[in-house]
Amino acid sequence: MTPKLNSKNYIIRAFKYSDLQTFADYRARPEVAQFQSWSSYVLEDAISLFENIDYKNFAVAGNWYQLAITDIQTDNILGDLAVYFIDDQQVEIGFTIAPEFQKQGIAFEAINCLLTYLFTELKIHRIIAITDANNTASYKLLEKIRFRKEAHFIQNVFFKGVWGDEFQYALLSTEFK
Ligand SMILES: CC(C)(COP(=O)(O)OP(=O)(O)OC[C@H]1O[C@@H](n2cnc3c(N)ncnc32)[C@H](O)[C@@H]1OP(=O)(O)O)[C@@H](O)C(=O)NCCC(=O)NCCS
């Protein structure tokens, strides 16, 4: 079963139907879509994504799980985390915070909470994150969490009409403080 994690100010949990309109609305914002695979995003996209997540069987290798970051007082969704189980001991993460809640430390706190769970409860060995090389907010966030830059891929993705670069970051359980 998908865990429900508590940080100081937020809850990280499986999505509910009631989150999906807000989720679709912030995914549709140009500043959120800029470095992501979609250009537009509507409620039907969110429902389809949600209904394809196997929340009952968490941590299955080869599966993505989308987790909501919600306010601990109101349970309103503020952003989300994506977790992909590469194999039994390696995970890739992704993250988005709704524009009106950015730059308040939410991603930093929520990701640290998720990393603590993955490393200590699930005994994950290595966690990676891949970001567009122009996504300053994303790679600065990863560096603040102490992810290590492992790679700069040159023009490895044909993305929204142009070839783009990506950075890969990683963190081992032994490196996590
Ligand atoms: C990347 C993102 C998740 C950051 O979320 P956030 O909650 O605003 O981040 P935090 O407030 O926790 O910031 C933590 C650190 O990240 C870095 N950071 C965050 N936003 C930044 C920005 N706009 N410019 C530069 N650095 C930034 C800073 O180092 C910051 O630490 P500081 O406040 O001590 O300077 C958010 O900008 C976002 O959702 N962007 C759109 C979606 C996206 O591109 N996701 C990544 C896909 S790989």
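For ligands, and for the atoms within them, numbers begin at 1 and follow the listed sequence.
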Answer yes or no: are there more than 12 heavy-atom neighbours, outside [X] itself, under 6.0 Å from its atom [atom1]?
{"X": "Lys160", "atom1": "NZ", "answer": "yes"}
{"X": "Arg146", "atom1": "CZ", "answer": "no"}
{"X": "Gln73", "atom1": "CD", "answer": "no"}
{"X": "Lys4", "atom1": "NZ", "answer": "no"}

May I ask you to identify the nearest protein heavy atom to [atom], giving residue, atom name and distance to one decimal place in Å?
{"atom": "atom 7 (O) of ligand 1", "answer": "Ala107 N, 3.1 Å"}
{"atom": "atom 14 (C) of ligand 1", "answer": "Leu141 CD1, 3.6 Å"}
{"atom": "atom 12 (O) of ligand 1", "answer": "Phe108 N, 2.9 Å"}
{"atom": "atom 30 (C) of ligand 1", "answer": "Lys144 CD, 4.1 Å"}
{"atom": "atom 44 (O) of ligand 1", "answer": "Asn135 ND2, 2.8 Å"}
{"atom": "atom 38 (C) of ligand 1", "answer": "Gln102 NE2, 3.3 Å"}
{"atom": "atom 45 (N) of ligand 1", "answer": "Phe95 O, 2.8 Å"}
{"atom": "atom 22 (C) of ligand 1", "answer": "Ala137 CB, 3.5 Å"}

Enumerated ligand 1 atoms positioned under 4.0 Å from heavy atoms of [X]:
{"X": "Ile106", "answer": "7 (O), 12 (O)"}
{"X": "Ile130", "answer": "48 (S)"}
{"X": "Thr96", "answer": "39 (O), 42 (C)"}
{"X": "Lys103", "answer": "6 (P), 8 (O), 11 (O), 22 (C), 23 (N)"}

- Query: Are Asp88 and Lys123 ion-paired here, with the side-chain N under 4.0 Å from a carboxylate O?
  - Reply: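 So Asp88 does not pair with Lys123 through a salt bridge.
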- Item | Under-4.0 Å salt bridge between Arg126 and Glu92 |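 Here Arg126 does not pair with Glu92 in a salt bridge, since their nearest N and O are not under 4.0 Å apart.
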- ligand 1 contact on Gln36 by region, counting heavy-atom pairs under 4.0 Å: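 It is the side chain that gets close, since no backbone atom is under 4.0 Å.
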- Message: Judged on heavy-atom distance to atom 1 (C) of ligand 1, which of Ser138, Ala129, Ala33 sits nearest?
- Response: Ser138
- Query: Can you tell which of Lys140, Glu31, Arg29, Glu109 gets a heavy atom nearest to atom 28 (C) of ligand 1?
  - Reply: Lys140
When only distance counts, is [X] in polar contact with ligand 1, meaning an N/O pair under 3.5 Å?
{"X": "Gly105", "value": "yes"}
{"X": "Phe101", "value": "no"}
{"X": "Gln104", "value": "yes"}

- Task: Assess whether ring-ring contact (aromatic ring centres under 6.0 Å, His included) is satisfied between Phe85 and Tyr65, documenting all intermediate values.
- Result: CA-CA 9 Å; Phe85 289 84; Tyr65 301 86; 5.7 Å; yes
Any side-chain donor near an acceptor of the partner, [X] and [Y], under 3.5 Å:
{"X": "Tyr17", "Y": "Glu51", "answer": "yes"}
{"X": "Tyr169", "Y": "Glu143", "answer": "yes"}
{"X": "Tyr26", "Y": "Asp80", "answer": "yes"}

- Message: I'd like to know if the side chain of Ser48 and the backbone of Glu44 have a donor-acceptor N/O pair within less than 3.5 Å.
- Response: no
- Message: Looking at Thr2 and Tyr55, would you say the former's side chain and the latter's main chain have a donor-acceptor pair under 3.5 Å?
- Response: yes
- Item | Under-4.0 Å heavy-atom contact between protein and atom 35 (O) of ligand 1 | no
